[in-house]
Amino acid sequence: MLAPGASHSENINLTFGADGFSFAEPGHYAIQVFCTLLTDAADASQLGDEETITASNTLPVFVARPHSPEEEFEVETVLMRQDVGTFFALGGSAVLGRARDDLEEILDRRMGRAKIPKDPVAANIMRCFGIDEQRRYRRFDTGKLRYLRSNLSRAVEHLRRVHRAGAGVFDRETLAGTKRLLEKLEGRLKE
């Protein structure tokens, strides 16, 4: 329940979904979310529920073309692959090893000696690594259940770097969501 004039925001990954990549072509996009709210009919004589459709503000997004032949090669051979899209949509995944390895190479190339990601692609890769590192996995392998531990210190390290990059790499909701996760993980590290 929201009070009059209040708002709710949430960070949603729109990179990749059931239909593939949402923004596969360079250009300008306008993103708007529509939410259908069902409420009990105010008047008992009405049948069924009352439906209200609420629209979010519009978020303009610009997808740039690759800036170099190297970036174009990255896009064509790695960044537009289905497994990489799935990796982004899930915020990383231990079962997508090839995607992770290829993204790690791209991150190394894009960051060079820098400790902070300077572009949205590098920042998104690093954010996914941070999200994934904090997870605990269970694997069923050769008839046995194995537990893979999370690595909170590595997760915090990745997310701190992304957070330090600031507004130059992400929109404010993604930065705010990254900060909330970072603070939660820092708290878990202190426990």
Side-chain angles (χ1 to χ4, degrees), residues 10-31 59-135 137 148-186 189:
E10 188 69 40
N11 181 260
I12 300 171
N13 185 331
L14 301 176
T15 308
F16 184 81
D19 291 332
F21 289 92
S22 303
F23 310 102
E25 296 296 322
H28 293 274
Y29 295 86
I31 301 170
L59 174 67
V61 173
F62 176 70
V63 176
R65 294 187 182 286
H67 293 42
S68 68
E70 292 81 15
E71 280 187 17
E72 190 168 344
F73 183 75
E74 285 176 359
V75 169
E76 291 176 6
T77 62
V78 178
L79 295 175
M80 296 300 285
R81 284 192 342 230
Q82 298 290 311
D83 64 330
V84 171
T86 302
F87 189 91
F88 286 143
L90 297 175
S93 174
V95 299
L96 296 170
R98 179 175 174 230
R100 183 181 179 96
D101 291 347
D102 291 346
L103 289 170
E104 207 160 298
E105 285 182 29
I106 289 174
L107 184 62
D108 287 344
R109 255 193 318 275
R110 284 179 176 250
M111 288 190 43
R113 294 182 181 170
K115 301 281 187 198
I116 308 294
K118 295 183 178 172
D119 69 80
V121 172
N124 191 40
I125 293 169
M126 187 169 279
R127 185 174 190 270
C128 287
F129 287 174
I131 291 169
D132 191 47
E133 290 283 353
Q134 57 97 32
R135 293 182 178 133
Y137 286 99
L148 304 176
R149 293 182 173 205
S150 61
N151 190 334
L152 291 182
S153 59
R154 282 192 46 108
V156 166
E157 179 186 330
H158 288 308
L159 295 174
R160 277 184 184 152
R161 289 180 183 181
V162 172
H163 188 258
R164 281 189 212 125
V169 296
F170 283 140
D171 62 275
R172 87 183 152 149
E173 288 304 323
T174 304
L175 281 175
T178 302
K179 182 179 180 183
R180 284 190 301 274
L181 179 58
L182 175 58
E183 290 169 347
K184 175 183 166 187
L185 297 179
E186 287 172 331
L189 267 179

Tell me the closest heavy-atom pair linking [X] and [Y], and the distance in Å.
X: L175; Y: G166; answer: CD1-C, 3.3 Å
X: M80; Y: F21; answer: O-CE1, 3.1 Å
X: L182; Y: R160; answer: CD1-CG, 3.7 Å
X: R127; Y: G177; answer: NH2-C, 4.1 Å
X: G130; Y: A155; answer: O-CB, 3.2 Å
X: R161; Y: M126; answer: CB-SD, 3.4 Å

Mind checking ring pair (Phe, Tyr, Trp, His ring centres under 6.0 Å) for F170 and listing every partner two or more places apart, or none if nothing turns up? none

Keeping R135 on the side-chain end and G92 on the backbone end, is there a donor-acceptor pair under 3.5 Å? yes

Without swapping roles, check the side chain of E76 against the backbone of F73 for a donor-acceptor pair under 3.5 Å. no

Could you grab the distance from atom [atom1] of [X] to atom [atom2] of [Y], nearest 0.5 Å is fine?
X: L103; Y: F88; atom1: CG; atom2: CZ; result: 4.5 Å
X: E157; Y: L152; atom1: CD; atom2: CG; result: 12.5 Å
X: C128; Y: L96; atom1: SG; atom2: CG; result: 11.0 Å
X: D132; Y: Q134; atom1: CG; atom2: CD; result: 8.5 Å
X: E72; Y: T77; atom1: CD; atom2: OG1; result: 10.5 Å
X: E71; Y: L79; atom1: CD; atom2: CG; result: 9.0 Å

Taking the side chain as everything from C-beta on, heavy atoms only, tell me whether [X] gets closer than 4.5 Å to [Y].
X: F87; Y: T15; value: no
X: L189; Y: V156; value: yes
X: L14; Y: F23; value: yes
X: E25; Y: V63; value: no

Just one of V169, L159, I131 clears the side chain to side chain contact (heavy atoms under 4.5 Å, CB included) bar with T178, so which one? L159

Test salt bridge (charged side-chain N to carboxylate O under 4.0 Å, His left out), reference R110, set E104, E74, E70, output is E74

Hey, what's the ring geometry for F62 with H28, parallel, tilted or perpendicular (30° and 60° as the breaks)? tilted

NZ/NE/NH1/NH2 to OD/OE distance under 4.0 Å, D101 and R98: no

When you measure from the centre of the six-membered ring of F129, is the NZ or CZ of R100 under 6.0 Å away and within 45° of the axis? yes

